[in-house]
Amino acid sequence: MLGQIDEIVSKELNEKRKLNIYLPEGYNEKDTVTYPVIYLLDGSADEDFIHIVGLVQFNSFEWVDRVPKSIVVGIATVDRRRDFTFPTTIERDKKAYPTTGHSDRFISFIERELQPYIRATYKTNTSKTIIGQSLGGLLATEILIKKPTLFTKYVIVSPSLWWNNGSLLQHPMSTFSDTDIYIGVGKEGLTPTEIPRVMEVDANLLADKMKSLNDKNVRVYFDYLPSENHATILHQAVSNSFSRLYPKASNE
């Protein structure tokens, strides 16, 4: 069996949320070994859970030994437009996506309910990664900018930074601790906005914003994948991120 299914009752979201959980080979509740946790947005079985778990498993094989054996928490999607976006001032988007604008609740769910549940239920260490693409990349970026200490590693792929005319790129930064950031984008072109924006440019602007911190404890890896588009990029980008974020085998 690839993983197990947990269900968590969220007061922050006022609903039940399904979690797909992958435990690495050798996981044993009775020993003292603890594991990094990788949190995957769009983590339903029919979304990205299976192929991302495959990458994690492959990269943690003894003969590959790039990524430490890790727990993967796939957060199954309910309403990604509601959960992954902050309020917008763009009237057209308000009408087109009427449930949007509640990322604050979802971030509270991650901070106050999900992470404490995972810590209490599984054998975890302090390494926490988030993986998000498209609107999931927008949410991961919002967390990175507003509450960066929620995770130690960020894998941000093709983030929808066009949301609300790119306002997140202008948001002031919070205080960082030791953080690794991977930003990947493909050949994706214009965004669905009235004012023209380009996905690759926005991703570059995000990387520059992070690099401008000039903080030796914040490491930024920008990756342009011209052979991939918005639909195809995630698998290759996550594979690349493991090479960047774990340049040598880790013993976490």
Side-chain angles (χ1 to χ4, degrees), residues 36-43 47-60 64-68 70 72 74 84 127-145 148 150-163 166 168-169 171 173 176 178-191 197-250 252:
V37 183
I38 297 171
Y39 292 85
L40 174 65
L41 303 173
D42 296 315
E47 294 177 301
D48 297 316
F49 181 70
I50 292 172
H51 75 99
I52 296 300
V53 164
L55 285 173
V56 173
Q57 182 196 46
F58 173 80
N59 281 280
S60 63
V64 179
D65 197 23
R66 172 170 287 133
V67 174
S70 302
V72 180
F84 296 172
S127 176
K128 296 174 291 183
T129 300
I130 186 169
I131 298 175
Q133 192 246 348
S134 194
L135 286 179
L138 177 70
L139 181 84
T141 303
E142 185 180 0
I143 295 171
L144 173 66
I145 290 173
L150 275 187
F151 296 95
T152 54
K153 299 180 191 295
Y154 288 79
V155 177
I156 298 171
V157 182
S158 302
S160 297
L161 297 170
W162 54 265
W163 183 255
L168 193 57
L169 290 167
H171 197 282
M173 302 293 295
F176 276 73
D178 201 36
T179 310
D180 290 300
I181 305 161
Y182 169 92
I183 301 165
V185 67
K187 191 173 181 62
E188 305 185 42
L190 293 174
T191 62
R197 302 187 71 90
V198 178
M199 293 285 290
E200 296 92 312
V201 173
D202 280 350
N204 264 294
L205 289 171
L206 175 61
D208 289 345
K209 183 180 179 73
M210 296 300 114
K211 290 175 181 176
S212 71
L213 293 168
N214 286 323
D215 186 336
K216 67 181 189 311
N217 293 315
V218 178
R219 293 160 295 277
V220 183
Y221 308 90
F222 180 77
D223 194 11
Y224 176 50
L225 291 77
S227 62
E228 307 295 342
N229 60 37
H230 198 71
T232 66
I233 187 172
L234 183 62
H235 192 85
Q236 187 60 56
V238 172
S239 180
N240 289 3
S241 78
F242 290 158
S243 300
R244 307 296 199 283
L245 299 181
Y246 302 97
K248 294 181 180 179
S250 170
E252 286 181 86

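Small disclaimer: the values here were computed from a predicted structure and weren't measured.
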Is any side-chain heavy atom of [Y] closer than 4.5 Å to one of [X]?
| X | Y | result |
| --- | --- | --- |
| Tyr221 | Asp180 | yes |
| Phe84 | Glu142 | no |
| Tyr154 | Thr141 | no |
| Asp48 | Val238 | no |
| Phe151 | Lys153 | no |
| Leu161 | Leu138 | yes |
| Trp163 | Leu168 | no |
| Ile183 | Val185 | no |

Please check this pair: side chain of [X] against backbone of [Y], looking for a donor-acceptor N/O pair closer than 3.5 Å.
| X | Y | answer |
| --- | --- | --- |
| Ser239 | Gln236 | no |
| Thr232 | Glu228 | no |
| Tyr182 | Asp223 | no |
| Lys209 | His171 | yes |
| Thr152 | Lys128 | yes |
| Lys211 | Val220 | no |
| Gln133 | His230 | yes |

Heavy atoms only: give me the nearest [X]-[Y] pair and the separation to one decimal.
| X | Y | value |
| --- | --- | --- |
| Asn229 | Ala231 | OD1-N, 2.9 Å |
| Ile156 | Gly137 | CG2-O, 3.8 Å |
| Pro36 | Pro68 | CG-CG, 3.9 Å |
| Ser158 | Gly186 | OG-N, 4.2 Å |
| Met199 | Pro159 | CE-O, 3.6 Å |

Measure the [atom1]-[atom2] distance between [X] and [Y] for me, rounded to the nearest 0.5 Å.
| X | Y | atom1 | atom2 | result |
| --- | --- | --- | --- | --- |
| Leu135 | Asp42 | CG | CG | 8.0 Å |
| Ile50 | Leu55 | CD1 | CG | 12.5 Å |
| Arg197 | Leu190 | CZ | CG | 11.5 Å |
| Leu41 | Ile52 | CG | CD1 | 11.0 Å |
| Ile233 | Glu188 | CD1 | CD | 5.0 Å |
| Leu206 | Phe222 | CG | CZ | 9.0 Å |

What's the verdict on side chain to side chain contact (heavy atoms under 4.5 Å, CB included) for Phe242 and Val56, showing C-alpha distance, side-chain angles and the deciding distance?
CA-CA 9 Å; Phe242 290 158; Val56 173; 3.8 Å; yes
Within 6.0 angstrom of Tyr224 OH, more than 12 heavy atoms from elsewhere
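More than 12 within 6.0 Å, yes.
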Derivation and outcome, side chain to side chain contact (heavy atoms under 4.5 Å, CB included), residues Thr179 and Met210
CA-CA 11 Å; Thr179 310; Met210 296 300 114; over 6 Å; no
Give the intermediate values and the outcome of side chain to side chain contact (heavy atoms under 4.5 Å, CB included) for residues Leu150 and Ile130.
CA-CA 9 Å; Leu150 275 187; Ile130 186 169; over 6 Å; no
Take Met173 and Ile145, measure what side chain to side chain contact (heavy atoms under 4.5 Å, CB included) needs, and give me the verdict at the end.
CA-CA 5 Å; Met173 302 293 295; Ile145 290 173; 4.1 Å; yes
